[in-house]
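Structure first, commentary second.
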Amino acid sequence: MPRPPRQYSEFGLYHVMLQGSGKQIIFEDDSDRRAFLKLLKEKAAAEDVKVIAWCLMGNHVHLLLDDPEHALSHFMHALATAYARRFNDKTGHVGAVFQGRFASVSITSDSQLLQAVRYIHENPVKAGIGSIDAYPWSSYREYLGEARVADTTMVFDMVGGREGSCASAGMDGSGRTVSGRRDVCPTMTRSRWRTAYWATSSPWM
């Protein structure tokens with residue numbers, strides 16, 4: 001049976017899921033997770049893809065991607081191939097690491113984008129692993145302070161910019177300009193980001 005054609009987003013935004021073959025574990029330890037994130041950052045930079053949010057689970061990965069150059073398929077193939085090669089070399093596993101092609105949902109509105117961010121960050125809670133801010137392998141913590149993999153600018157802009165997020169968390173709006181956008185309160189405490197995160201209940205739900 002032929003595969004249905006992939007839906008493309010006119011905005012270049014996608015919620016992507018990469019799953020282990022037969023739902024097998026794809027991360028055996030933290031060194032695997034760090035290696036995946038390193039490859040994610042490298043391949044994203046090479047293809048001009050921005051990672052808005054991410055979450056690494058035991059047998060699958062959630063990514064929210066901004067793909068203005070329509071390089072999604074090439075990017076995901078490069079990422080999956082590079083990681084699978086490393087994983088098989090390390091573990092002695094033979095065969096496919098990931099199950100078929102990646103799944104993707106095109107994002108068509110601001111509210112859907114914000115909902116996807118929240119869904120991705122809540123994966124550990126839904127899996128019974130722990131709370132959002134206690135789980136170390138998602139981009140949630142990057143929204144608390146320095147972003148190393150995720151580009152947090154778009155999300156902050158959609159909730160009124162970092163200034164708006166800070167205002168809802170009781171913070172002042174002094175800041176600096178980065179790439180023509182307002183980048184304020186670059187370091188947020190966990191309690192303040194949590195307040196701002198849940199204060200945006202209407203668009204996030």
Side-chain angles (χ1 to χ4, degrees), residues 1-27 32-33 35-87 95-127 129 132 135 137-140 142-143 147-159 203-205:
M1 186 176 185
R3 296 182 300 186
R6 191 176 299 282
Q7 291 185 334
Y8 287 92
S9 168
E10 64 176 300
F11 303 108
L13 298 167
Y14 300 90
H15 177 189
V16 173
M17 188 176 78
L18 198 57
Q19 184 166 286
S21 179
K23 298 186 178 180
Q24 73 171 35
I25 295 296
I26 56 177
F27 303 114
D32 289 341
R33 296 178 180 88
F36 184 89
L37 291 177
K38 182 174 183 291
L39 288 169
L40 174 62
K41 189 172 182 178
E42 290 174 355
K43 302 303 181 184
E47 297 293 342
D48 196 25
V49 171
K50 292 181 180 178
V51 181
I52 300 171
W54 56 269
C55 184
L56 310 186
M57 302 296 287
N59 63 3
H60 67 280
V61 173
H62 284 277
L63 303 171
L64 187 58
L65 304 174
D66 180 11
D67 172 37
E69 301 300 323
H70 307 292
L72 181 64
S73 292
H74 188 270
F75 161 71
M76 290 301 301
H77 180 265
L79 173 62
T81 299
Y83 181 77
R85 183 180 298 116
R86 178 200 176 276
F87 183 85
V97 174
F98 296 106
Q99 183 173 311
R101 67 175 184 172
F102 63 92
S104 66
V105 176
S106 62
I107 303 297
T108 59
S109 67
D110 289 358
S111 60
Q112 186 184 2
L113 174 69
L114 296 175
Q115 185 180 42
V117 173
R118 188 166 175 175
Y119 175 86
I120 289 170
H121 287 161
E122 287 180 343
N123 255 247
V125 178
K126 294 176 181 178
I129 297 175
I132 294 175
Y135 189 68
W137 299 107
S138 85
S139 55
Y140 182 81
E142 295 194 73
Y143 283 87
R148 298 179 180 273
V149 177
D151 185 325
T152 60
T153 309
M154 182 178 293
V155 171
F156 278 117
D157 281 355
M158 286 185 175
V159 293
W204 292 75
M205 294 299 288

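Predicted model only: the values in this text are computed from it and were never measured.
- A distance of 9.5 Å separates OG of S139 from CG of L63, quoted to the nearest 0.5 Å.
- Not one N or O on the side chain of E142 forms a donor-acceptor pair closer than 3.5 Å with the backbone of A53.
- Side-chain N or O atoms of H121 include one that pairs as donor or acceptor with a backbone N or O of Y140 at under 3.5 Å.
- Between the CG atom of L40 and the CE atom of M76 there is a distance of 8.5 Å, given to the nearest 0.5 Å.
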Verdict with reasoning, W54 to L37, per side-chain contact (heavy atoms from CB on, under 4.5 Å): CA-CA 9 Å; W54 56 269; L37 291 177; 3.7 Å; yes
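- Classification of E47 and K43 as a salt-bridged pair fails, no side-chain N sitting under 4.0 Å from a carboxylate O.
- The line from CG of L18 to CE of M57 is 14.5 Å long, rounded to the nearest 0.5 Å.
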So Q24 and N59, side-chain contact (heavy atoms from CB on, under 4.5 Å) or not? Walk me through it. CA-CA 6 Å; Q24 73 171 35; N59 63 3; over 6 Å; no
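- Between the side chain of D151 and the main chain of K50, no donor-acceptor pair closer than 3.5 Å is present.
- Looking only at distances, a side-chain donor or acceptor of N123 sits under 3.5 Å from a matching main-chain atom of Y119.
- For the atom pair F27 CZ and L56 CG, the distance stands at 4.5 Å (nearest 0.5 Å).
- Shown are L64, D66, L65; of these, the side-chain contact (heavy atoms from CB on, under 4.5 Å) with L13 is made only by D66.
- Taking NE2 of H62 as the reference point, atom CD of E122 lies at 11.5 Å (rounded to 0.5 Å).
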Contacts under 3.5 angstrom, residues 78-86 side chains, donor-acceptor by atom type, not counting sequence neighbours:
residue, atom, partner, partner atom, Å
T81, OG1, H77, O, 2.7
Y83, OH, I26, O, 2.5
R86, NH1, D32, OD1, 2.8

For Y14 and S106, what are the C-alpha separation, side-chain angles and deciding distance, and is it a side-chain contact (heavy atoms from CB on, under 4.5 Å)? CA-CA 5 Å; Y14 300 90; S106 62; 4.1 Å; yes
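- Just one residue in the list Q99, Q19, K23 forms a side-chain contact (heavy atoms from CB on, under 4.5 Å) with H60, and that residue is Q19.
- Residues V16 and S104 approach most closely at CG2-CB, 4.0 Å, considering heavy atoms.
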For the pair Y143 and V155, evaluate side-chain contact (heavy atoms from CB on, under 4.5 Å) and give the outcome as yes or no after the intermediate values. CA-CA 9 Å; Y143 283 87; V155 171; 3.2 Å; yes
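- Residues satisfying the salt bridge (Lys or Arg N to Asp or Glu O under 4.0 Å) test with K38, not counting sequence neighbours, are E42.
- At a threshold of 4.5 Å between non-hydrogen side-chain atoms, the residues P68 and D48 count as touching.
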